[in-house]
Each structure stands twice: as C-alpha cells, then as structure tokens.
Amino acid sequence: MGWVAITGQITPEPLLLMLIIFAWTPPHFWALAIHKRDDYARAGIPMLPVTHGIPLRGCKFGCMGG
C-alpha cells in the first residue's frame, strides 16, 4: 500500500482503508456484472452472473450483498 510505503509503518489508518476496499469490492463488481450480464454473455466473457446465474450471492461473497 502506498501509505505504508511512504510512512514506513503500519498504522490503523491503512488497515482501515484496506478493510473498506476489501469489503466494498465484491458486492460492487457483482452489481456491475449483473447489470452488464447480457454484454458479457454475447462477448463470451465468463463472469459469474453468466456462468452461475444471478441468484449466486450471499455467503459466497463473505455474506455481503445477499
């Protein structure tokens, strides 16, 4: 992480930022993939909503978003 590289120490602030990004990313990309599901299918890109269907959610993503 850039914060740690610049300051040379691990403090609560970069850990909090990492946690926010880690928690936000799966539901965000899941919603985007659902929104563009038909485009991904036409292009042959194996996104989860295309390969497994939209009901795949919940604890598959750490119990977030479902």
Side-chain angles (χ1 to χ4, degrees):
M1 295 180 66
W3 185 309
V4 176
I6 297 297
T7 64
Q9 55 187 331
I10 298 176
T11 59
E13 293 88 355
L15 295 175
L16 178 62
L17 289 172
M18 184 189 74
L19 178 64
I20 290 169
I21 292 169
F22 181 78
W24 171 77
T25 300
H28 174 73
F29 278 99
W30 181 247
L32 290 174
I34 289 172
H35 181 69
K36 295 293 184 177
R37 179 181 180 205
D38 296 334
D39 294 339
Y40 287 128
R42 280 194 300 272
I45 299 172
M47 298 294 282
L48 282 174
V50 175
T51 61
H52 292 81
I54 293 174
L56 179 69
R57 64 176 185 258
C59 287
K60 300 262 185 194
F61 293 112
C63 294
M64 293 180 277

**OP:** Check whether the side chains of Q9 and T11 place a donor and an acceptor atom closer than 3.5 Å, and report yes or no.
**Re:** no
**OP:** Give every residue pair that meets the salt bridge (Lys or Arg N to Asp or Glu O under 4.0 Å) criterion with at least one member in residues 43-52, sequence neighbours excluded.
**Re:** none
Run the side-chain donor-acceptor check on residues 31-51: report pairs under 3.5 Å with partners two or more places apart or on a different chain.
unit_1 : atom_1 : unit_2 : atom_2 : d
R37    : NE     : P49    : O      : 3.0
D39    : OD1    : R42    : NH2    : 2.4
T51    : OG1    : M47    : O      : 3.4

Original post:
When clusters are formed from ILVMFWY side-chain contacts under 4.5 Å, directly or step by step, what else is grouped with L19?
Top reply: none
Original post:
In terms of hydrophobic clustering (I, L, V, M, F, W, Y; side-chain heavy atoms under 4.5 Å; direct or indirect links), are F29 and I21 co-clustered?
Top reply: no
